[in-house]
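Below is one structure, written out as structure tokens; the observations come after it.
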There are 2 protein chains.
Amino acid sequence: MSENTDPTLTDQWLAQLQTSGYRLTQPLRVIVDILVNSPRALGPVELYDLGRKEYPRLGLVTVYRTLDKLEELGLVQRVHQIGGCHMYLRATQGHEHLLLCTRCGQVCYFKGDDLSALFNATAEASGFVIQEHWLQLYGLCANCQS
Amino acid sequence: MSENTDPTLTDQWLAQLQTSGYRLTQPLRVIVDILVNSPRALGPVELYDLGRKEYPRLGLVTVYRTLDKLEELGLVQRVHQIGGCHMYLRATQGHEHLLLCTRCGQVCYFKGDDLSALFNATAEASGFVIQEHWLQLYGLCANCQS
DNA sequence: GCCTATAATGAAACAGATTTTCATTTTCAA
DNA sequence: TTGAAAATGAAAATCTGTTTCATTATAGGC
Ligand SMILES: [Mn+2]
Ligand SMILES: [Mn+2]
Ligand SMILES: [Zn+2]
Ligand SMILES: [Zn+2]
């Protein structure tokens with residue numbers, strides 16, 4: 001196990017996985033522990049490399065399968081990268097959005113956007129019925145500003 | 001050439017490509033014409049199939065290379081799909097965002113979001129300097145509501 | 001604690017998307 | 001018109017992600 005700075009959240013995830021009918025295996029525990037404690041989004045291969053430090057015979061296939069389970073349960077979400085494919089990150093809680101550091105990848109969760117006026121105006125102008133919105137901010141974290 | 005409903009914009013793109021040092025080839029013209037006139041985002045293979053109707057010996061590699069050029073010049077942008085890889089679309093002009101139909105893919109460009117209050121509050125709370133934002137709305141277009 | 005049904009794993013093969021290589025063709029400025 | 005250089009397209013290579021299947025680990029019943 002790594003330093004496990006947040007055992008409570010790890011346990012919550014494991015409990016939810018078990019409740020949902022999944023078995024708690026060693027590879028699963030390792031992957032959950034890494035994701036819960038990561039300050040930034042991780043790609044499958046990154047997660048695989050980190051995971052093998054804890055559990056050397058981990059397979060990349062298991063990483064993909066575990067990410068699918070966690071995404072299905074809403075515990076992680078995809079973060080789309082500007083260039084290519086996406087990475088995974090602890091999901092936002094309720095109505096939160098992401099603020100990502102463009103230099104180090106540090107992620108910050110925020111809430112408090114009220115876009116209803118914009119939605120109404122846009123719906124009226126376009127004739128669309130608006131169902132969802134997707135908002136993400138980019139910037140420099142406190143560390144990376146120097 | 002297809003029906004070419006907007007020759008002016010096609011010409012603008014070609015002029016900008018030429019100014020940037022690119023040669024105006026037949027495959028390039030075909031791809032630009034399709035993208036300028038598309039009402040929805042297209043994937044590379046879709047674009048390839050459409051392109052071959054106009055220019056049968058078009059290669060898929062050329063589609064990829066042309067999309068790179070157009071993206072580099074800011075003429076097209078990627079649209080991230082919920083599941084996997086992205087598609088390409090005429091880029092927004094200035095400060096516009098996208099509203100996409102979840103059923104037929106129809107795209108609508110809109111402007112008028114004022115998120116400055118949110119940016120200020122979030123910057124203060126997080127210590128980040130905010131550089132960019134990414135906002136995309138999803139809904140049902142007028143046609144798809146029935 | 002031991003046993004067993006079955007879920008989960010990982011190696012290998014497969015599939016799909018994108019990139020690289022390289023010989024040939026096309027563009028465009030002289 | 002000509003030729004240097006850019007662009008093209010076929011084929012091979014690379015990278016991601018998925019499927020298959022034999023083996024292993026888990027959880028629940030004893
Ligand atoms: Mn919101
Ligand atoms: Mn994406
Ligand atoms: Zn940073
Ligand atoms: Zn529609």
Here the side-chain hydrogen bond (donor to acceptor under 3.5 Å, both in side chains) pairs for residues 118-132 of chain A, sequence neighbours left out, are A:Q131-B:T102

Here the gap from B:L28 atom CG to B:T25 atom OG1, rounded to the nearest 0.5 Å, amounts to 4.5 Å

So CG of B:L75 and CG of B:L67: to nearest 0.5 Å the spacing works out to 11.5 Å

Per-helix bend value, the helix from C:dG1-D:dC30 to C:dA30-D:dT1, C1' rotation axes over five pairs per end, 10° rounding, shows 40°

How many Å lie between [atom1] on [X] and [atom2] on [N], as a whole number?
{"X": "B:M87", "N": "C:dA17", "atom1": "CE", "atom2": "P", "answer": "11 Å"}
{"X": "A:E46", "N": "D:dC15", "atom1": "CD", "atom2": "C1'", "answer": "15 Å"}
{"X": "A:R78", "N": "D:dG17", "atom1": "CZ", "atom2": "C1'", "answer": "10 Å"}
{"X": "B:Y22", "N": "C:dA29", "atom1": "OH", "atom2": "P", "answer": "16 Å"}
{"X": "B:L58", "N": "D:dA7", "atom1": "CG", "atom2": "P", "answer": "16 Å"}
{"X": "A:D49", "N": "D:dC15", "atom1": "CG", "atom2": "C1'", "answer": "14 Å"}
{"X": "B:L47", "N": "C:dA17", "atom1": "CG", "atom2": "P", "answer": "14 Å"}

Here the ring pair (Phe, Tyr, Trp, His ring centres under 6.0 Å) pairs for residues 34-67 of chain B, sequence neighbours left out, are none

Residues 114-146 of chain B vs ring pair (Phe, Tyr, Trp, His ring centres under 6.0 Å), sequence neighbours excluded, gives A:W134-B:W134, B:H80-B:W134, B:H95-B:H133, B:H97-B:H133, B:F119-B:H133

Between B:G21 and B:Y48, the residue closer to the 5' end of DNA chain D by nearest nucleotide is B:G21

Within residues 59-72 of chain A, those residues having any heavy atom closer than 4.0 Å to DNA chain D are A:V61, A:Y64, A:R65

For residues 14-21 of chain B, please give each side-chain donor-acceptor pair under 3.5 Å, one per line with the distance, not counting sequence neighbours.
{"unit_1": "B:T19", "atom_1": "OG1", "unit_2": "B:A15", "atom_2": "O", "d": "2.9"}
{"unit_1": "B:S20", "atom_1": "OG", "unit_2": "B:Q16", "atom_2": "O", "d": "2.7"}

Contacts of B:R40 meeting salt bridge (charged side-chain N to carboxylate O under 4.0 Å, His left out) (sequence neighbours excluded), chain-then-number -> B:E46

By salt bridge (charged side-chain N to carboxylate O under 4.0 Å, His left out), A:D68 pairs with (sequence neighbours left out) none

By side-chain hydrogen bond (donor to acceptor under 3.5 Å, both in side chains), B:Q145 pairs with (sequence neighbours left out) none

Sequence neighbours excluded, the answer for side-chain hydrogen bond (donor to acceptor under 3.5 Å, both in side chains) partners of A:N143 is none

Applying ring pair (Phe, Tyr, Trp, His ring centres under 6.0 Å) to A:W13 and not counting sequence neighbours gives none

Please produce a list of atom pairs where a protein N or O lies less than 3.5 Å from an N or O of nucleotides 23-26 of chain D.
{"unit_1": "D:dA25", "atom_1": "OP1", "unit_2": "A:R57", "atom_2": "NH1", "d": "3.2"}
{"unit_1": "D:dT26", "atom_1": "O2", "unit_2": "A:R23", "atom_2": "NH1", "d": "2.5"}

